[in-house]
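Read through the structure below, which is laid out as structure tokens, and then see the notes.
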Protein chains: 4
Amino acid sequence: MNELDNLIGDLYEYDDELTAKQRKIIIAAIEAFAEKGYASTSTSEIAKNAGVAEGTIFRHYKTKKDLLISIVGPMVQKFIAPFVIRDMEKVLNQDHESIDDFLRAMLKNRIAFVSKNKLLFKILIQEIPFQPELKELFKKHIGMKVIEKATLIIQHYQEKGQLVDLPPATIIRGIASSIFGFIVTRNLLLPELDWDDEVEMERTIQFILHGIKK
Amino acid sequence: MNELDNLIGDLYEYDDELTAKQRKIIIAAIEAFAEKGYASTSTSEIAKNAGVAEGTIFRHYKTKKDLLISIVGPMVQKFIAPFVIRDMEKVLNQDHESIDDFLRAMLKNRIAFVSKNKLLFKILIQEIPFQPELKELFKKHIGMKVIEKATLIIQHYQEKGQLVDLPPATIIRGIASSIFGFIVTRNLLLPELDWDDEVEMERTIQFILHGIKK
Amino acid sequence: MNELDNLIGDLYEYDDELTAKQRKIIIAAIEAFAEKGYASTSTSEIAKNAGVAEGTIFRHYKTKKDLLISIVGPMVQKFIAPFVIRDMEKVLNQDHESIDDFLRAMLKNRIAFVSKNKLLFKILIQEIPFQPELKELFKKHIGMKVIEKATLIIQHYQEKGQLVDLPPATIIRGIASSIFGFIVTRNLLLPELDWDDEVEMERTIQFILHGIKK
Amino acid sequence: MNELDNLIGDLYEYDDELTAKQRKIIIAAIEAFAEKGYASTSTSEIAKNAGVAEGTIFRHYKTKKDLLISIVGPMVQKFIAPFVIRDMEKVLNQDHESIDDFLRAMLKNRIAFVSKNKLLFKILIQEIPFQPELKELFKKHIGMKVIEKATLIIQHYQEKGQLVDLPPATIIRGIASSIFGFIVTRNLLLPELDWDDEVEMERTIQFILHGIKK
DNA sequence: GATGAATGAGAGTTCATTCAT
DNA sequence: TATGAATGAACTCTCATTCAT
């Protein structure tokens, strides 16, 4: 399973953090959680699909929930961290003259990441409402930081006269909803459709820009 | 619990379709499903919260999944049917001269409905990915019908020169994503925030209109 | 269901002992018990097939076991009583000159009765091992009485020089086994076979006579 | 429980096919099924009597019915196979000059087997009518094979002029009924009686021989 | 480190029985 | 008398977790 192999690479910096069995467990868990949901997946099923003994799972992960967190946790950080740290810094440092460029760069980046990690993304948004630990993680990594930075960026472009004068929070919600909507439609709702990603992404950007540009 | 009482009224036309115990079961089930998810809620818990014997649940609903469907099924129809049948007909009959009016009317309507039925809505979007029966219901009631009608409406306004010349599917996705994003943020992600619904809704409409108007 | 209507007539002397609902309950119970066994038949199933409310069953029969006993109990008496009381008396009063005649009469009689009441017979032999009450009934009505009488009859014919000089108990077991074997094969094991009852019965009698006649 | 230890030995060729816990489960199940019937025995009861956790039963046997089949299935084969394969071959190969010898050998053999496995035999005949799987097994292992072979043997002795000229099917039914009657009386109906097995068996053979010999 | 048999709490479901109507 | 909603105990079966090997 190609997606899953890449994915592991994305989530764990150093391959040797994981034994071969751990990799197999994580891959089996991701597939099962995405397909049936965390609560409806049994550890015995994961063990069987991973080709390991049930006990082996619990040798590496104290509980079933531990396994979930260890899968989804890194995702939260990987998904968010670059957004916050890399891209945003750049913007504020005037790497992108126009908001078009910035938005396009960011959107492409995020969409590519989610497309590569569809299953993980599905698990993440399915389980966040029910796992306080995940919610906490999410808040910690996005919560204030991202919103603060995004607010700064928006104000930055508003001052440049490029953005409509709605409150930043509204704009953030507008942009985030559109991106989220695109990603969800693309990957979860209608994955079987024959999308031309480049074109559709460009259209989504146009839609957003129409919505927020002055 | 006020929301839940309204809700039952919304879902079941005639109060006497339900016995007192059935009402209590459904209310308890909705609360529990929304809070912990369908799979993580036990029927014994529902029974306890409803103040009935566990057997009573199974007298009215053959299985636990039956209970879920009988809760969420009507929601699908109630949420969608009016959208398709009433609003859309009106538009096509020129009830709304400008797209602004139409969009505003529809958005208000949908948002009000979801706000009144937050819990049900949460259950619906959480469980749809895992319950083929729900997916089927959803497709049957939204699937083609809504998209066809929406396409007609968009073409209608495009011909009037009021709408940007993107493909209808893109516009639909844009609008739907924004509405969905608004509803989810408003009700699920940040319900604790102090929203001024009127204002925020108007802003969302502005955002959408910006995005799709010529 | 023809068999069952006759049957009720056989079991209950006076039709007006039973209300219409009781008849329907008993018929439904017999069918279900015979098909799936007493323990695997639910009262709700009986009620449904009988077209009455579940409560109605318990109005007439205090418990499920009561229902069983009230069905099978009369059978025990009806099946046995004539054997003991009528036939045997006749034999001892020299109604049948030869043992051939006696055996033939008795066998025909028993076989006809069981054939008419196949389902009841099946229930009886299936449940006797597990229902002490039935065992008790059986012992009371067959137990000593039948065996004593049969012993007398056998000794009677042995004295006449018509019967082999095995111990009566052995002869009784031989005869009973053969009859039981015939009935079970005919009605339970191979009911779908195309039997010529007259012929097969005569052969069975020949077999028994061969076995016991001097 | 001595009978049960032998029995396990009979059913499973190699002791190490079964773990200690499995043995305990099977023994407890046999006792309970024989005493109260399959349907009226709960798995929790079996677990308690076996001194294992209830879950352990389901680790070894997927369902309760699986447990039943795995107990009774081997019995069907063990009980029947030798009858068909060993004994009958011998007869046809003239090992037994007279039918007396053959019948005596066979009867002794079967009776001994059933006596040793009374409980299993009881379960088998109690559950066959309600378990299609068992019926199938039975048919497959006895069904045609035994009856065909038996027919051959009977014709063999009829040609030798030793047997009465009734149709083989009638003779088979006669013999089988007598044996079945003997076994059932001996082991199930009147087990508490003080039987002299040798003597009674000889008498049963005499009875059968009387019935079928020319 | 890996195994998988064993556990026992708890899951969903069934059922004989009761009782207000 | 007949009903059928309600009950709660008991049922079969699943599961995350433990631990001796």
Side-chain angles (χ1 to χ4, degrees), chain A residues 19-22 24-25 38-48 50-68, chain B residues 19-22 24-25 39-48 50-67, chain C residues 19-22 24-25 38-48 50-68, chain D residues 19-22 24-25 39-48 50-67:
Chain A
T19 66
K21 304 234 166 195
Q22 269 189 71
K24 289 200 280 182
I25 290 170
Y38 167 77
S40 301
T41 299
S42 70
T43 50
S44 82
E45 203 183 336
I46 296 171
K48 210 173 63 192
V52 304
E54 218 172 334
T56 307
I57 293 176
F58 289 91
R59 190 148 281 285
H60 293 291
Y61 307 94
K62 241 159 60 90
T63 65
K64 188 187 168 192
K65 190 168 287 174
D66 255 35
L67 175 57
L68 173 67
Chain B
T19 67
K21 302 238 168 191
Q22 267 190 75
K24 288 200 280 180
I25 290 169
S40 302
T41 300
S42 71
T43 49
S44 82
E45 204 183 334
I46 295 171
K48 213 172 57 191
V52 304
E54 209 170 344
T56 306
I57 293 177
F58 290 94
R59 175 152 282 279
H60 292 290
Y61 307 94
K62 248 157 63 91
T63 64
K64 188 187 166 194
K65 190 169 288 175
D66 252 38
L67 175 58
Chain C
T19 68
K21 302 235 166 193
Q22 266 190 77
K24 287 200 280 181
I25 290 169
Y38 167 77
S40 301
T41 298
S42 70
T43 49
S44 81
E45 203 183 336
I46 295 172
K48 209 174 62 190
V52 305
E54 219 172 335
T56 308
I57 293 176
F58 290 91
R59 189 147 281 287
H60 293 290
Y61 307 94
K62 237 159 60 90
T63 66
K64 187 186 166 192
K65 190 168 286 174
D66 254 36
L67 175 57
L68 173 67
Chain D
T19 67
K21 302 239 166 188
Q22 269 191 74
K24 288 200 279 181
I25 290 169
S40 302
T41 299
S42 72
T43 49
S44 82
E45 202 184 335
I46 296 172
K48 212 173 59 190
V52 304
E54 209 171 347
T56 306
I57 293 177
F58 291 93
R59 176 152 280 278
H60 292 291
Y61 306 94
K62 250 158 62 88
T63 64
K64 189 187 166 194
K65 190 169 287 175
D66 252 38
L67 175 58

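Just so you know, these numbers use all the heavy atoms, side chains as well, and skip hydrogens, waters and symmetry mates. In what follows, chains are A, B, ... by sequence order, proteins preceding strands, each numbered from 1.
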Please state whether the phosphate of [N], meaning OP1 or OP2, lies under 4.0 angstrom from any side-chain nitrogen or oxygen of [X].
X       : N      : result
A/His60 : E/dG1  : no
C/Thr56 : F/dT3  : yes
D/Ser42 : F/dA10 : no
D/Lys21 : E/dT7  : yes
A/Lys65 : F/dA16 : no
C/Thr63 : E/dA16 : no
A/Ser44 : F/dA16 : no

Practice item. May I ask which nucleotide in the shown strands pairs with F/dA20, Watson-Crick or G-U wobble, both distances under 3.5 Å? Key: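 Pairing partner: E/dT3.
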Point to revise | Exercise: identify the closest heavy-atom pair between C/Ala50 and C/Lys24 | key: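 Smallest heavy-atom distance, with atoms named: CB-O, 3.4 Å.
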Point to revise | Where A/Asp66 and A/Tyr61 come nearest, the two heavy atoms and their spacing | key: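 Answer, listing the atom of A/Asp66 first, then A/Tyr61: CB-CB, 4.1 Å.
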**Study point:** B/Ala20 or D/Thr41, whichever maps to the more 5' nucleotide of DNA chain F
**Key:**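 Per heavy-atom nearest nucleotide, the more 5' residue is B/Ala20.
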Selection from [options] that lies nearest to any side-chain heavy atom of [X]:
X       : options                : result
C/Ala53 : F/dA16, E/dG12, F/dG4  : F/dG4
C/Arg59 : E/dG12, E/dG8, F/dT3   : F/dT3
B/Phe58 : F/dC13, F/dT17, E/dT13 : E/dT13

Whole angstrom is fine here: how far is it from [atom1] in [X] over to [atom2] in [N]?
X       : N      : atom1 : atom2 : result
B/Glu54 : E/dG12 : CD    : P     : 7 Å
A/Tyr61 : E/dA2  : OH    : P     : 11 Å
A/Lys64 : F/dT14 : NZ    : C1'   : 11 Å
A/Lys48 : F/dC15 : NZ    : C1'   : 14 Å
A/Leu67 : F/dC15 : CG    : C1'   : 15 Å
B/Ile46 : E/dG10 : CD1   : C1'   : 15 Å
B/Ile57 : F/dA5  : CD1   : C1'   : 14 Å
C/Gln22 : F/dT3  : CD    : P     : 13 Å

Point to revise | A/Tyr38 six-ring face occupied by A/Lys65 cation (under 6.0 Å, within 45°) | key: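 No, cation not above the ring by the 6.0 Å, 45° rule.
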Point to revise | 5′-ward residue of the pair C/Ala39/D/Gly55 relative to DNA chain E | key: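 Its nearest nucleotide being more 5', the pick is D/Gly55.
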Exercise for review: Could you grab the distance from atom OG of A/Ser40 to atom CD of A/Glu45, nearest 0.5 Å is fine?
Suggested key: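 Result: 9.5 Å between the selected atoms.
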Review point. Between the side chains of C/Glu54 and C/Thr43, does any donor sit under 3.5 Å from an acceptor?
Key: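 Yes, a side-chain donor-acceptor pair sits under 3.5 Å.
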**Study point:** Student check: side-chain heavy atoms of C/Ile46 and C/Lys64 closer than 4.5 Å
**Key:**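 Sidechains of C/Lys64 and C/Ile46: no contact.
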Review point. With a non-hydrogen cut-off below 4.0 angstrom, is C/Ser40 in contact with a base, only sugar-phosphate, or nothing?
Key: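 No contact.
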